Each structure stands twice: as C-alpha cells, then as structure tokens.
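Step one of this worksheet: look at the structure below.
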Protein chains: 2
Amino acid sequence: MNKPRILLIDDEEKIHQFISISLTAEGFEYLGCRDASSGLECFQNDKPNLIILDLGLPDIDGSAVLAMIRKIGNIPILVLTAREQSAEKVKLLNAGANDYLSKPFEIKELIARIKVLLRDIQYEPIPAELHFENLIIRTFEPMVFIKNTSIHLTKKEHQLLLLLAINPGVLISQKKILVAIWGEFHSGDSHYLRVLITHLRKKLKDDAEDPIYIKTEPGIGYRFIC
Amino acid sequence: MNKPRILLIDDEEKIHQFISISLTAEGFEYLGCRDASSGLECFQNDKPNLIILDLGLPDIDGSAVLAMIRKIGNIPILVLTAREQSAEKVKLLNAGANDYLSKPFEIKELIARIKVLLRDIQYEPIPAELHFENLIIRTFEPMVFIKNTSIHLTKKEHQLLLLLAINPGVLISQKKILVAIWGEFHSGDSHYLRVLITHLRKKLKDDAEDPIYIKTEPGIGYRFIC
DNA sequence: ATTAAACGTAAATTTAACGTAAATTTAGCG
DNA sequence: CGCTAAATTTACGTTAAATTTACGTTTAAT
C-alpha cells in the first residue's frame, strides 16, 4: 500500500514542525494547512487518508469544518482541542470526529491514535477514475464517459454514483445513501433519493426496469452492477 | 438490526450499576462480568459487539486479557483505566485497544465513544453468508442461492429464514417468530406466519410434507434442518 | 367415525414502495 | 438584478409486498 497521507490543519507553526517530523519518521506523508479554507481545499484536491484538525482555527470555527468534511466523505478525523470539557468532547464525537486529543499531548500518543484509526477504518485511497465495461467515472469532478462521450453530472448525482460504484455489486441501503449525501436522515426522505436516482439513470441512459448500472432492491436500497 | 451487545468486564459493582442503566437506556444490550476469566468465557459464548475492559482486574492483568481477546477476534475494545500516564495509554493502543477512558469519566462520553467505535468499525456479529449443503443465505440482503441460482426473497421472508437458519436444528416457537418479525404478538396471529412460511417454502422449492429446509413442529413452531 | 384444532395454500384486498414528470424553490454567476 | 442550472417538492400512475380472507387437508382425541 502507498504511504498514508495525513493532513494537519492547525494555525500553530510549532505544531506543524514537530508533527511533520514525527509523521514522516513513522512512514506517513505529511500535508499541512494553516487555516480552514485552505484545509478544505487540500482535502478536496489531495485526498488525504486522515485529517488532524485543530479546533481553534482563525478563520472558521473548527466544528463547522468538521461538519463540512463529514458531508463529503467518511475520512477519519482526529480533533485537537485545547478545551478539556467533557461535554465538548461528546459534542465533537457526535459531530463526526473519530477521536480527539487535548493539548498539550504527547506525540507518541498521537501517532498511536493515528495508527489505530487507520487500522480500524481500513481507509483506502480512491483512484482518480473508476473504469467499467463501457463506463468511466471521474472521481475528482462530476463527469462520466460512456463509450468515450462525456456526460456532465451534478454534484449530487456524482456523489451518488460514486458511492454506489466504489462498492460494485454491494447493496447500499437508502439510509446509508441519505446520510452520505444529505448528511442526515429522516424517515420519509427517500423521495429525494428516488428523484435523484431517476435523474442519474436518465443521464446514464439506464432503464429502471432492466438496468445495466443501477439496480433497485425494493425496500432496502440500490446496487451498482458492473 | 439487532441491538448491539456490549460486555463490561469490571470488578466494581457501582460501575456495573450505572453503566448498565445507561447502556440499556441507549438501546444497547448489557452483559456484565466481574473478572477476567468469566469475561473471556462470556466473550466466547455470547459474541458481544464491543467490550469495555477495566485494567484493574483482580485475577488476571488487564493487558493480558486485552492480548487474549485480540488473538481471537477484532472486536472493538474500550479500556477503562485509573492511571493517567500517557506512556501507558500508548502501550494500550498498540496492544490492540481501540480507545480508552480514564476513571473517573462521564457516562455521556463513554456512550459517545461506544457509538463512534460501533459506527466506524461496523462490527458484524453475523457472517455475510450462511452456507449449507446446497443453500447459501445472504445475511445483508434478501437473497439466497440454491445450487448457484440466485433467488430473491422479500424482507419478511428473509427475516424469517435468517431467524431459523442462524439456529440450525433448533426449534423456534411461533411466538418467538411473530415477535421477531412483527414486533409483537397477539394470540391468533399465527395465520400470518403460515402464509409467510408457504411463500418462503415455495421460493426454496421446499415441500411441507417432506421438507429439506423448514420442518413444521405442530403446535409449537418451526425448525431449520440442514 | 366425528369433531376440533392446526396446518397449507390459493386468491383477493390493502398497503407500501417505486419511477417519473412537472412545478417550485434555491444557489451560483456575470 | 436577472439568468441558468441545480436541488427540492409535489403529484400521480404502476408495481410489488404484505395482509386478509377463505377453504381444503391432516392429525389426534373423544
């Protein structure tokens, strides 16, 4: 496997210095950002395998960043916090953090926690393109190719297709899809999804009755068939 | 999905009391052991989905227990520790713990961490497929295979078959089945079940008179024979 | 032998879920 | 601001699943 890429979003230069050294020493690839907006950009462009996020950022509130990242993908996030309030911690974990460390912390503990997260979640980097028989799906931009003709997708259509196509043959539940794309789930929201599926199928020229790409599993979810 | 089962191994009765209350309130099933040896036994027999392990056990050293559990399976383990040494924590995480909490801790934080672990690791107590002579039953989706031809089941048919097939040879009472599938039970509801059994048998090409898969035990219930 | 209780199954009915078109609202951009 | 594309909401026809009804068959007890 490639070196896991780890993105540190923190405004303290000292933290960057000593974390980057330890990370590279441990065989990780280090990426660094000093504020939330460039951190989000880096997340989109460089596809890190894990994010270390400081909550006390200058531009955007850390928990907002957390929510934004969670909306896009399920990358493991380790939060650094100065506060030692237990209620705060609970909020963080519920908001989507996978773990946290209070400053000051020991670098060894940070490394250990990173390893645990990478081990448990078995995060695998996603290739730039997914190739299937007649279909190519770009993962960085909402575009697909069918027999070499390009088709533009909307952001949501793209997210949906990726979610399904990354797990070819696997049945993905409606709930999972709703959470992945809309961030939350209220029972009865599945009509959003039905419409989105229709739009996507239309663009892919897929027939719901006799699908080549997206198969409905009634009462449960959808499945990408290849 | 079934309630996640959580095993607490700790020698303090008070801890058991207030953790068990919170766990059940949060929809988990609580299992409790007071020492390491019975904890290990419970782990083997009851297949919990997560273990909360206190390090200060009377009989065996906690980290030895940790290692033993790790040897058998990759169930998430949350360690409780009185010590606050960072070096100790690192050792724990490297030894196979997925997370830890120092006593005293807030119960809310414990619950939050449990949820994160269960969410991330997506621990599946049941294997993805149950294999029998000529029959393969998918557990995540309503599909079975008989001699490599796939057969689609409805949700209820699938639930019923799983309930029976997870306990091969065991007689399951009608009442148990009704409760498991419909959530409640009113005497005289068994005709629902008879119809469902018929549907299922038809799809499995099973003959009620001379069954290969589902045997009727008149007056009591049904039994999966393999 | 007759009867009652329990079962199996076919068919009818009701309910839930899906797919799609069209209308409306929201968001991004010059 | 005004335009365009995207996202959401509404509405409705269609299909599949679940439930209900009805009835014939087996089994075991009187």
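These values consider heavy atoms only, across backbone and side chains, with no hydrogens, waters or symmetry-generated copies. Chain letters run A, B, ... following the sequence lines, proteins first and then strands; every chain starts at 1. Fair warning: this is a prediction, and the values are worked out from it, not measured in the lab.
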Practice prompt. Please state how far atom CD in Gln159(B) lies from atom C1' in dA17(D), giving the value in whole angstrom units.
Written response: 13 Å
Discussion item. Rounded to whole Å, please give me the gap between CG in Leu200(A) and P in dG19(C).
Written reply: 12 Å
Practice prompt. Assign each of Ile220(A) and Leu196(B) to its nearest nucleotide of DNA chain C by heavy atoms, then name whichever residue's nucleotide is nearer the 5' end.
Written response: Leu196(B)
Worksheet item: What integer distance in Å separates Lys155(A):NZ from dA7(D):C1'?
Response: 11 Å
Fill in: 5' priority, DNA chain D, between Glu209(B) and Arg194(B) [closest heavy atom]
Arg194(B)
Worksheet item: Does a side-chain N or O from Trp182(A) land closer than 4.0 Å to OP1 or OP2 of dA7(D), or not?
Response: no
Discussion item. For a quick test of reading the model: is some side-chain N or O of Tyr192(A) closer than 4.0 Å to OP1 or OP2 of dT9(D)?
Written reply: yes
Worksheet item: Tell me: OH of Tyr222(B) to P of dA6(C), nearest whole Å?
Response: 12 Å
Worksheet item: Over how many whole Å does the gap from Ile181(B) atom CD1 to dA18(D) atom P extend?
Response: 10 Å
Worksheet item: Between Asn167(A) (side chain) and Ile172(A) (backbone), is there a donor-acceptor pair under 3.5 Å?
Response: no
Worksheet item: Is any side-chain nitrogen or oxygen of Lys156(B) closer than 4.0 Å to OP1 or OP2 of dT19(D)?
Response: yes
Worksheet item: Does Thr198(A) have a side-chain nitrogen or oxygen under 4.0 Å from the phosphate oxygens OP1 or OP2 of dA21(C)?
Response: no
Discussion item. Under a 3.5 Å distance rule, please check whether Asn98(A) uses its side chain to pair with a backbone N or O of Leu78(A) as donor and acceptor.
Written reply: no
Practice prompt. Would you mind reading off the distance between Leu193(B) atom CG and dT19(D) atom P, rounded to a whole angstrom?
Written response: 11 Å
Item to complete: Determine: side-chain N/O of Lys202(B) to OP1/OP2 of dA10(C), distance under 4.0 Å, yes or no.
Response: yes
Worksheet item: Does the ring centre of Phe224(B) sit less than 6.0 Å away from the ring centre of Phe132(B)?
Response: yes
Worksheet item: Could you state the CD1-P distance from Ile197(A) to dA21(C), rounded to the nearest angstrom?
Response: 15 Å
Fill in: Thr154(A) vs dA5(D): side-chain N/O to OP1/OP2 distance below 4.0 Å
no
Discussion item. Just the rounded figure in Å: distance from P of dA21(C) to NE2 of His191(A).
Written reply: 18 Å
Practice prompt. Indicate the ring-plane relationship of Phe18(A) and Phe105(A), choosing parallel, tilted or perpendicular according to the 30° and 60° boundaries.
Written response: parallel
Practice prompt. Would you classify His152(A) as touching base, sugar-phosphate or nothing, given that sugar-phosphate means primed atoms plus P, OP1 and OP2, and contacts are heavy atoms under 4.0 Å?
Written response: sugar-phosphate
Worksheet entry | Heavy-atom donor-acceptor pair, Asp206(A) side chain to Ile214(A) backbone, under 3.5 Å | yes
Worksheet, complete the sentence: Among dT20(C), dA10(C), dG8(C), the one nearest any side-chain atom of Val195(B) is dA10(C)
Worksheet item: Can a side chain N or O of Gln174(B) be found less than 4.0 Å away from OP1 or OP2 on dC7(C)?
Response: yes
